[in-house]
Amino acid sequence: MADTPQTDAPDYRDTLFLPKTEFPMRAGLPKREPEWIAHWDKIGLYEAQRMQAEGREPYELHDGPPYANGNLHIGHALNKILKDVVVRSHQMLGYNSRYVPGWDCHGLPIEWKVEEKYRKKGKNKDEVPVNQLRKECRDFAGEWIGTQMEEFQRLGVVGDWPGHYETMSFQAEAVIAEEFLKMIDNGLVYRGSKPVMWSPIEKTALAEAEVEYHDHQSHTIWVKFPVVKTGAQDIENTSVVIWTTTPWTIPQNRAICFSETISYGLYLVTDAAPENWTAKGDLLMVADNLAADVFKAARVDAYEKVRAVSADELAGMVTAHPFRGVDDANGEWDYDVPLLPGEHVTDEAGTGFVHTAPSHGADDYMIGVKYKLPMTHNVGPAGEFRDDLPFFGGLHILDRKGKEGKANDAVIKKLSEVGRLAARGKLTHSYPHSWRSKAPLIFRNTPQWFAAMDKPIEDDTEYSGKTLRERAMDSIDRDVQWYPPTARNRLYNMIENRPDWVLSRQRIWGVPLCCFMKETGPGQIEILRDKDVDARILKAFRDEGADAWFEDDAAARFLAGRDDAAEWTKVTDILDVWFDSGCTHAYVLRDGGGKWPASVYLEGTDQHRGWFHSSLLESSATRGRAPYERVVTHGFTLDAKGIKMSKSLGNQTAPQDVVKQYGADILRLWVMQVDYTEDQRIGPEIIKSVADSYRRLRNTFRFMLGSLDGFDASERVDPAEMPELERLMLHRLAELDEVVRKGYAEFDYQKTFKTVFEFATVDLSSFYFDIRKDALYCDAPDSLRRRACRTVLDILFERLTIWLAPMLCFTMEEVWQTRGANEEDSVHLQLIPDTPQAWRDDTLAAKWSNIRQVRRVVTGALEERRRDKTIGASLEAAPTVYIADSAMAEAVSGQDFADICITSDIAIETGDGPEQAFRLDDVSGVAVTFAIAKGEKCARCWKILPDVGGHSAPHTCLRCNGVIA
RNA sequence: CGUGAUGUAGCUCAUCGGUAGAGCAUCAGACUUAUAAUCUGACGGAAGCGGGUUCGAUCCCCGUCAUCACUCCCA
């Protein structure tokens, strides 16, 4: 073996320039990160950024407000971390990048929590004054804002926290009201009706949260609708059969829905008992799959299929209401009942034909809106038929105790009387009930306020005359860039197909539809339009909040001075909370001194239905275009197996836990490593592997810091004088600069991080640093090679630290500060440094690509000898390289190839080399034969060289002796 | 049910329609001068499944399965 122990050799360790740094290998992020937050707080980082960037082009990420109840979950963390990276990176790219976080405060969940307190005490919230409840809601939201704000800041999110916005601030409430009045003014708002869950017992609409599902026994009836219009001859005297569990909705029937994917048939009853409702000779249409069930229910003894009925045929068909032409009905039901295609229709139960009463079902309503069917108003608040409805006037669906009323039986009896009943029965099924009274609920249409999608808007924008739908759809393509591009289609399709916007909610915790109306006829109303009244309302909201609307004297106060004040009714509904958040662009950007339209909105894909959507509509209605220039969407976070997280499964990853155990930078790094545009996974194993990557990266920085110890500007070397290896690194930086700038501009963090990370580990740690350790440790401080290396390290350090700062905001600050930045400084106040494109040298890169190929063969050859224990360290070797390929030979010649391969010596020959030489399959024309290095081991640099010994420092090589002397 | 997506190594992700790659993890080895580090090497894949188009499909088309989001007066 070459290195027999040299007991007489002095220890030269102290003469080496080993890396020296205070920067610890162990990060201790959970403890250290809060100190950086305190530091940023102390230097006023956000304000300092604003001052520094004054006059620069503004860039504004407008924050989508999270809902102010509960602690943060992983989805919030993902969202806010992404936003923080957008904000910080754009600041560094040279913009004035503003960020004002906000919270969504109004809405049912909070109101529900407040009500819960009363429920637990057995109190009725209806007895509590509205403004007292509103105050409790406000306090509730306020507390959670405080909690969430701390949790967000702990993640490293920098923004204008003291200046954050709230949808419940007086200013916000006033602007929301103002925007609503603007939409009244341009004629978009109208009152219509929509079916909702309604309790006839409590005479109120209920929210989904107030509904419980219990088993309930219902009537089931099969009803014949006679066909009155069709192209086919043999359909005369036939009926379409429907099935329903709510006989009381039959008087409200306006259509029958069928499916275009179900096969239907025309059936002839060939045998049935004489007293049967369904008689011999009846021609009935039902779905083929359900025919047997239907005829069994109708007690038909025999039937045959006459022929199939196609969807095209059904589409043109019209039936009569079962009560058409009935005596004493006064023509109430003498209208046509069309057959319409409906995607909700199945052949799993019933007849394959769905009775449709637009006022009494969600699907029915959608069909009604789509085909412009008339809404009926036959059922009153207590679930009673209107008094003047023939046959059934005044009858109740449910009695006062929630038991069966008389309506169902009366309808069934009448159907039987007029010969339209095909069969009847009973069915027990899950049915919605009120959580309070436990009584069954019904669907009932109630007055609601809408924004019209298809009415031309006359206003003073350049898009005047276009409808809301047209404006929104135009703007999606004209004004907005979508990241990823597929996000555009989702929103576009939704806008294209959506019905009118239901603005009203029968709730209390929100901004009121602050207008007055009066009835001008049955179902007809007029909305008060009075600038003075509006001005009074807005001023009151601004000064006192929207509570002003709910004060007892509000109507008198706002209508003061009008002679007809008594004629007007105050509307007490509140606005859909999506309207609130859809207005944030107005009160945060326009009134808050920001940029309008916002540079970017960034939210989860669910916000296509939510905030992206409502903001687009609101802004299109009032300003003609989207309030954003770019929209970035991210997916949802699932557990390690790709399953949705839920409390019951116990598969949740809480951001607080990750922060506590690993630190926020690890969580941020996780975000950077996944494809956020899709759904991502997280779990213990994934977090651990992220932490591993982090450690590796951290060590690379630690090495740089240690190697730069004592670096002074006077050491710098001009790139032109640097060795090729150094210039290669500068070339790589020039390449990376482009990737980083482009990556940040296009929100592609995965690629940006991956590129920088692989550069740090592959190019730097295992190649460049490994080679240059000898020069850094052993060369004299004034050696050109060492100075060039340290110059490059300094350049590397500056860029890598700043490039990664938006992502690893804590660690990069720690790295930055370790190099003696002053107390007021921060890496987050730096701009991405210019990287001269002159550093780029593709010829050099191509050449070094060859050099690295040859190097791989050498290391491979050494590995073989290491395996058979011929050598340990590569410095014990002095191989010979045979190169046949001329480009490779050219590349290697003139290099310190022994340094590059970390051997003590190396010989380069041209030609194929001996047959038994080491080769790699994928590197042709290169062969390596092994040899032990000749000479004595230098006790200082450990190279084995012929020139060791005979110098003033014993057991040193010429170079090392020169350094010590 | 519908609408919008996704499915490639244990994990995170690449692959103009042309022999499937990278980093991390794992395993093995070396070093002890980045040391709770560093270097080297190896292992690792019916590209969810089934059809079709094509000389050729991870990629294009159809179907199917799984997962996710949206659909509710809630996020």
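Every heavy atom of this structure was used, including side-chain atoms; hydrogens, water molecules and symmetry mates were not. Residue numbering restarts at 1 for every chain, and letters A, B, ... go by the order of the sequence lines. From a predicted model like this one, the values you see are computed outputs, not experimental measurements.
- The A/Thr486 side chain lies nearest to B/A5 when the options are B/U12, B/U38, B/A5.
- If you check B/A22, B/A75, B/C73 against the side chain of A/Leu108, the one that comes closest is B/C73.
- For A/Trp501 and A/Phe450, the ring centers are positioned 6.0 Å apart or more.
- Each of B/A37, B/G29, B/C73 was ranked by its minimum atom distance to the side chain of A/Arg505; first place goes to B/C73.
- Taking atom C1' in both B/U15 and B/A47, one finds a spacing of 11 Å when rounded to whole Å.
- Distance A/Tyr676 OH to B/U6 P: 16 Å, rounded to the nearest Å.
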### Query
So what does the secondary structure string of RNA chain B come out as, 5' to 3', with Watson-Crick or wobble pairs under 3.5 angstrom, [ ] for crossing and | for pairs with another strand?
.((((((..((((....[..)))).(((((.......))))).....(((((..]....))))))))))).....
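- Distance check on atom C1': B/U8 versus B/U40 gives 28 Å, rounded to whole Å.
- One donor-acceptor pair, N or O on each side, does fall under 3.5 Å between the base of B/A34 and the side chain of A/Ser765.
- The distance between atom OH of A/Tyr768 and atom C1' of B/A34, rounded to the nearest whole Å, is 16 Å.
- For A/Arg919, there are no salt bridge (Lys or Arg N to Asp or Glu O under 4.0 Å) partners, not counting sequence neighbours.
- Residue A/Lys754 is in base contact, counting any heavy-atom pair closer than 4.0 Å across all strands shown.
- Relative to the side chain of A/Trp942, the nucleotides B/G4, B/U32, B/U35 differ in distance, and B/U32 lies closest.
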Could you tabulate the donor-acceptor pairs under 3.5 Å formed by side-chain atoms of residues 632-643 of chain A, not counting sequence neighbours?
unit_1   : atom_1 : unit_2   : atom_2 : d
A/His634 : NE2    : A/Asn79  : ND2    : 3.0
A/His634 : NE2    : A/Gly604 : N      : 3.2
A/Thr637 : OG1    : A/Gln680 : OE1    : 2.6
A/Asp639 : OD1    : A/Lys641 : N      : 2.8
A/Asp639 : OD1    : A/Gly642 : N      : 3.0
A/Asp639 : OD1    : A/Ile643 : N      : 2.8
A/Asp639 : OD2    : A/Asn651 : ND2    : 2.9

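- On the C1' atoms, B/G29 is 41 Å away from B/C16, given to the nearest whole Å.
- Counting only heavy atoms from C-beta on, A/Asp770 has its side chain closest to B/U38 among B/A5, B/U12, B/U38.
- For the residue pair A/Tyr694 / A/Arg698, a side-chain donor-acceptor distance below 3.5 Å is found, with atom types taken as modelled.
- Minimum atom distance to the side chain of A/Glu863 is reached by B/U40, of the listed B/U40, B/U33, B/A34.
- With A/Tyr777 as the aromatic partner, A/Arg772 does not meet the cation-pi criteria of under 6.0 angstrom to the ring centre and within 45 degrees of the ring axis.
- Here A/Arg696 reaches the OP1 or OP2 of B/C24: one of its side-chain N or O atoms lies under 4.0 Å away.
- Below 30°, between 30° and 60°, or above 60°: for A/Phe152 and A/Trp103 the angle between ring planes is between 30° and 60°, a tilted geometry.
- The P atoms of B/G50 and B/U58 are separated by 12 Å, rounded to the nearest whole Å.
- Within 4.0 Å (heavy atoms only), A/Trp611 reaches no atom of the nucleic acid at all.
- Here the P atom of nucleotide B/C31 and the CD1 atom of A/Ile944 are 12 Å apart, to the nearest Å.
- The side chain of A/Tyr777 contributes an N or O atom lying less than 4.0 Å from OP1 or OP2 of B/A34.
- Across the interface with RNA chain B, nearest-nucleotide mapping of A/Gln673 and A/Asp692 shows A/Gln673 to be the residue nearer the 5′ end.
- Closest to the A/Arg867 side chain, of the nucleotides B/C24, B/G41, B/A34, is B/G41.
- Salt-bridge formation is detected for the pair A/Asp770/A/Lys773: a Lys NZ or Arg NE/NH1/NH2 atom is positioned less than 4.0 Å from an Asp or Glu carboxylate oxygen.
- For the pair A/Leu705 CG and B/A37 C1', the computed distance is 15 Å after rounding to whole Å.
- Nucleic acid contact class of A/Arg940 (heavy atoms, under 4.0 Å, all strands): base.
- Each of B/A34, B/G41, B/U12 was ranked by its minimum atom distance to the side chain of A/Gln750; first place goes to B/U12.
- Residue A/Lys641 is out of contact with every strand shown, counting any heavy-atom pair closer than 4.0 Å.
- The separation of B/U26 from B/U19, taken at their P atoms, amounts to 32 Å, rounded to a whole angstrom.
- A/Ile686 comes within 4.0 angstrom of sugar-phosphate atoms only, judged by non-hydrogen atoms across all strands, and of no base.
- Looking at A/Gln148 and A/Asn71, their side chains never bring a donor and an acceptor atom within 3.5 Å of each other.
- You'll find that the side chain of A/Ser689 is closest to B/C24, out of B/A5, B/A75, B/C24.
- Ion pairing between a basic and an acidic side chain is recognised when a charged N comes within 4.0 Å of a carboxylate O; A/Arg507 and A/Asp573 show no such pairing.
- Applying the 90° cutoff around 0 to the glycosidic angle, B/A25 is assigned anti.
- For the pair A/Leu764 CG and B/A37 C1', the computed distance is 16 Å after rounding to whole Å.
- Rounded to whole Å, the C1' atom of B/C74 lies 24 Å from the corresponding atom of B/A5.
- Listed nucleotides B/A22, B/A30, B/A75 differ in distance to A/Glu758; the shortest reach to its side chain belongs to B/A22.
- Between A/Lys751 and A/Asp748 there is no salt bridge, since none of the side-chain N atoms of the basic residue sits less than 4.0 Å from a carboxylate O of the acidic one.
- If you measure from atom CZ of A/Phe767 to atom C1' of B/A22, you get 18 Å, rounded to the nearest angstrom.
- One C1' atom belongs to B/G48, the other to B/C68, and the distance between them is 16 Å to the nearest Å.
- In this structure, A/Val577 reaches the sugar-phosphate backbone alone: every heavy-atom distance under 4.0 Å involves primed, P, OP1 or OP2 atoms, never a base.
- Along RNA chain B, the nucleotide nearest to A/Ser693 and the one nearest to A/Phe701 differ in position, and the one closer to the 5' end is contacted by A/Ser693.
- Residue pairs satisfying the salt bridge (charged side-chain N to carboxylate O under 4.0 Å, His left out) criterion with at least one member in residues 759-769 of chain A, sequence neighbours excluded, are listed as follows: A/Arg732-A/Asp763, A/Asp763-A/Arg852.
- Counting to the nearest Å, the C1' atom of B/C73 and the CD1 atom of A/Ile110 are 16 Å from each other.
- Rounded to whole Å, the C1' atom of B/C73 lies 33 Å from the corresponding atom of B/A66.
- Whole-Å rounding puts the A/Met807 CE to B/U12 P distance at 19 Å.
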Under 3.5 Å, which protein N or O atoms sit close to an N or O of nucleotides 68-70 of chain B? Give each pair with its distance.
unit_1 : atom_1 : unit_2   : atom_2 : d
B/C68  : OP1    : A/Lys644 : N      : 3.4
B/C68  : O2'    : A/Asp679 : OD2    : 2.5
B/A69  : OP1    : A/Lys644 : NZ     : 3.3
B/A69  : O2'    : A/Thr605 : OG1    : 3.4
B/C70  : O2'    : A/Arg609 : NE     : 3.3

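- In this structure, the ring of A/Phe757 has its center less than 6.0 angstrom from the ring center of A/Phe753.
- In this structure, the side chain to side chain contact (heavy atoms under 4.5 Å, CB included) partners of A/Val815, at least two apart in sequence or on a different chain, are A/Phe23, A/Phe701, A/Leu705, A/Phe797, A/Thr801, A/Thr811, A/Met812.
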